[in-house]
Amino acid sequence: MQNHAYPSRQLGLPLASVFAAIVLTVATLFGASGAANAQQTTASSNRIWQALKGDVFGDRAILVDSGVVRIEAPKRAQDAAIVPVDIYIDPAKAPAGIKSVTLIIDVNPAPVAATFEIGKDAGVTHLSTRVRVDDYSYLRAIAETQGGELHMAQTFVKASGGCSAPAVKNQDEAMATMGQMKLRQFPPQETMTKAQELQLMIRHPNNSGLQRNPLTQYFIPAHFVQKLSVSQADRLILSMEGGISISEDPNFRFDFTAHGTGQIQVEAIDTDGKVFRNQWPLEVTGL
């Protein structure tokens, strides 16, 4: 199936995401002295979180380590530009379901890495992706239930320089393959939910705006997948509103409950307004 780029349409990140980046800058300059010469600590990462959480979630209460959501990432990243992160949702502890999950990386220039909306009755209990981590930081997953409660889990990752790390591909190669998608499908597991898994890979440079052209040393403008939607027969499974923290060539793996045999449909929109779409038949027996 061919991928298609469609004419641009203007889309913007949430005001909270933009403002949180400003809050982080202020917190880094005035609340974490010496950050340019030494790694952040759990204490300084927490100070940044306390400064920015109101701009993302207002004055809403956030329950910590309630078991509704769990996040895993390596304690020390092998590559700060592609740090694997796994988010787990326990449906037994959120019987009404989860509406969305927001991924926060405290110390990143834009700490709201992504917000994932979960489709009603989609049955998503696990989501993994790869992120850039700019310095030692807590990674936080904040899940919002259908009833409006917020539940948070966190893990501390030692990494440095992920947001400014050079791209793996040169820009010409990245632009030539931009928007190409690959979908892997995994068979239902023998569980009560009969969940299937999808792994979606998208070719895109996802430039952070903090990387330099190796020849000119000028900064490469930010250019990344801003919106993503995965559906089955027009029924939402998962959508994302992302920022600069999602790694080059975005990669998402997640489980879901299939409804019938309708096709899997994907739409991705980047910050230049380019729209990429693709669809695949549901493989009920896996690969």
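Only a predicted model underlies this, so the values are computations on that prediction, with no experimental measurement involved. Note that the numbering runs from 1 along the sequence shown for the chain.
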How many angstroms lie between atom [atom1] of [X] and atom [atom2] of [Y], to the nearest 0.5 angstrom?
| X | Y | atom1 | atom2 | answer |
| --- | --- | --- | --- | --- |
| S100 | E241 | OG | CD | 11.5 Å |
| T41 | D135 | OG1 | CG | 10.0 Å |
| L183 | L198 | CG | CG | 5.0 Å |
| R47 | L52 | CZ | CG | 13.5 Å |
| E144 | H151 | CD | NE2 | 10.0 Å |
| T271 | Q226 | OG1 | CD | 6.0 Å |

State whether the number of non-hydrogen atoms from other residues, nucleotides or ligands found under 6.0 Å of Q78 atom CD is greater than 12.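 No - once you tally the heavy atoms of other residues, nucleotides and ligands closer than 6.0 Å, there are 12 at most.
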Over all heavy atoms of both residues, which pair between [X] and [Y] is shortest? Give the atoms and the distance, please.
| X | Y | result |
| --- | --- | --- |
| Q171 | A167 | NE2-CB, 4.2 Å |
| P221 | N207 | O-CB, 3.5 Å |
| L150 | A61 | CB-O, 3.6 Å |
| P95 | K93 | CD-C, 3.5 Å |
| C163 | S208 | O-OG, 2.5 Å |
| A153 | R70 | CB-CA, 3.8 Å |

Is [X] reaching over with its side chain to a backbone N or O of [Y], donor-acceptor style, under 3.5 angstrom?
| X | Y | result |
| --- | --- | --- |
| N170 | D172 | yes |
| S231 | Q265 | no |
| R253 | Q199 | no |
| Q185 | L282 | no |
| T257 | A195 | no |
| T129 | N251 | yes |
| Q232 | A122 | no |
| T155 | L139 | no |
| E248 | N206 | no |

Would you say the side chain of [Y] lies within less than 4.5 Å of the side chain of [X], judging by non-hydrogen atoms?
| X | Y | value |
| --- | --- | --- |
| V266 | W280 | yes |
| L228 | F252 | yes |
| L127 | D86 | no |
| M201 | R184 | yes |
| M178 | H204 | yes |
| I264 | L200 | no |
| I48 | P111 | no |

Between H126 and Y88, how do the two ring planes meet: parallel, tilted or perpendicular, split at 30° and 60°? parallel
Just checking, any donor-acceptor pair under 3.5 angstrom between side chains of E149 and T145?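 Note: E149 and T145 side chains miss the donor-acceptor criterion.
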Looking at R130 and D249, is there a salt bridge between them, counting it only when a charged N and a carboxylate O are closer than 4.0 Å? no
Indicate, with yes or no, if [Y] and [X] share a hydrophobic cluster defined by side-chain heavy-atom contacts under 4.5 Å among Ile, Leu, Val, Met, Phe, Trp and Tyr.
| X | Y | result |
| --- | --- | --- |
| F57 | V64 | yes |
| F219 | M175 | no |
| Y138 | I142 | no |
| M152 | I104 | yes |
| I246 | F276 | yes |

Assess whether side-chain contact (heavy atoms from CB on, under 4.5 Å) is satisfied between V275 and R277, documenting all intermediate values. CA-CA 7 Å; V275 182; R277 296 191 181 106; 3.9 Å; yes
For a side-chain hydrogen bond (donor to acceptor under 3.5 Å, both in side chains) with D106, tell me which candidate from S44, S45, S137 qualifies. S45
Show your reasoning for whether side chain to side chain donor-acceptor pair (under 3.5 Å) applies to D121 and H259. CA-CA 9 Å; D121 300 323; H259 293 272; 5.9 Å; no
The test is side-chain contact (heavy atoms from CB on, under 4.5 Å); show your working for V124 and D255 and say whether it passes. CA-CA 5 Å; V124 175; D255 62 357; 4.0 Å; yes
Take F256 and Q196 through the side-chain contact (heavy atoms from CB on, under 4.5 Å) test and state the conclusion after the steps. CA-CA 6 Å; F256 78 108; Q196 293 186 235; 3.8 Å; yes
From CA spacing to verdict: side-chain contact (heavy atoms from CB on, under 4.5 Å), V68, I98: CA-CA 9 Å; V68 170; I98 296 297; 3.8 Å; yes
